[in-house]
Each structure stands twice: as structure tokens, then as C-alpha cells.
Amino acid sequence: MGSAGCRSVKKEFRGQGIARMMVRKLEDHAKEAGYKKVVLETNIAWDSAVNLYKSCGYKEFKMEAEMIHLSKEI
């Protein structure tokens, strides 16, 4: 699938479930394309992103430098 690039919700729109909706959309797109797993990477210092992914069912599988890698079977 390749890298989708960095995406985030503008501060004034946070807390409305938009990020969770973006994650679901990514998962739906991956499923439709025949993928069985989604792998995400983010900066370990971005607690809000890490917490979002973990709350969506992603599990940490690798840490390197400042990055955390998470995955989820879909």
C-alpha cells in the first residue's frame, strides 16, 4: 500500500472523533485492497497519536530511536 504520509486533525477540530474516523477509513481501504494487517509508525513523543492508535486496537511491536511502530490485524 505504501506510505500514506503524515495526517493529523487541526487543533480546533480535535476531540470530535475525526481522527478515529480517519483510522477506520484507512482500515476499510486496506481491507478492500485485500490487506490483512495495518502497520503504523509515529513519533513516540506524540502521546495523543500513540494513545489514539492503541485505543483503536493497535499493538506496539517495535521501537527505534524516537519512533514507535504499531500494527493491527484487520
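As the structure is a prediction and not an experimental result, all values here were calculated from the model. We're numbering straight along the sequence, starting at 1.
- Lys36 NZ to Lys72 NZ: the interatomic distance, rounded to the nearest 0.5 Å, is 15.0 Å.
- To the nearest 0.5 Å, atoms OG1 (Thr42) and OH (Tyr53) are separated by 5.5 Å.
- Proximity of Leu52 to Tyr58: side-chain heavy atoms (C-beta onward) are nowhere separated by under 4.5 Å.
- If you take NE2 on His69 and CD1 on Ile44, they are separated by 10.0 Å, rounding to the nearest 0.5 Å.
- Rounded to the nearest 0.5 Å, atoms CH2 (Trp46) and CD1 (Ile68) are 13.0 Å apart.
- In this structure, Leu40 is not a member of the same hydrophobic cluster as Phe61, with clusters built from ILVMFWY side-chain heavy atoms closer than 4.5 Å.
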Side chains of residues 18-25: which donor-acceptor partners sit under 3.5 Å, not counting sequence neighbours?
{"unit_1": "Arg20", "atom_1": "NH1", "unit_2": "Ser55", "atom_2": "OG", "d": "3.2"}
{"unit_1": "Arg20", "atom_1": "NH2", "unit_2": "Ser55", "atom_2": "OG", "d": "3.0"}

Worked check of side-chain contact (heavy atoms from CB on, under 4.5 Å) between Leu70 and Val39: CA-CA 6 Å; Leu70 304 107; Val39 176; over 6 Å; no
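- Under a cut-off of 6.0 angstrom, the local environment of CD in Glu66 is sparse, with at most 12 non-hydrogen atoms contributed by other residues, nucleotides or ligands.
- For Glu60 and Lys62, the salt-bridge test fails: no basic side-chain N is under 4.0 Å from an acidic carboxylate O.
- Across all their heavy atoms, Glu27 and Cys56 have their closest contact at OE2-O, 4.4 Å.
- Residues passing the side-chain contact (heavy atoms from CB on, under 4.5 Å) test with Lys31 are Ile74, sequence neighbours excluded.
- Atom CG of residue Asn43 and atom CE of residue Met67 lie 5.5 Å apart, to the nearest 0.5 angstrom.
- Remark: Glu32 pairs with no residue by the salt bridge (Lys or Arg N to Asp or Glu O under 4.0 Å) rule, at least two apart or across chains.
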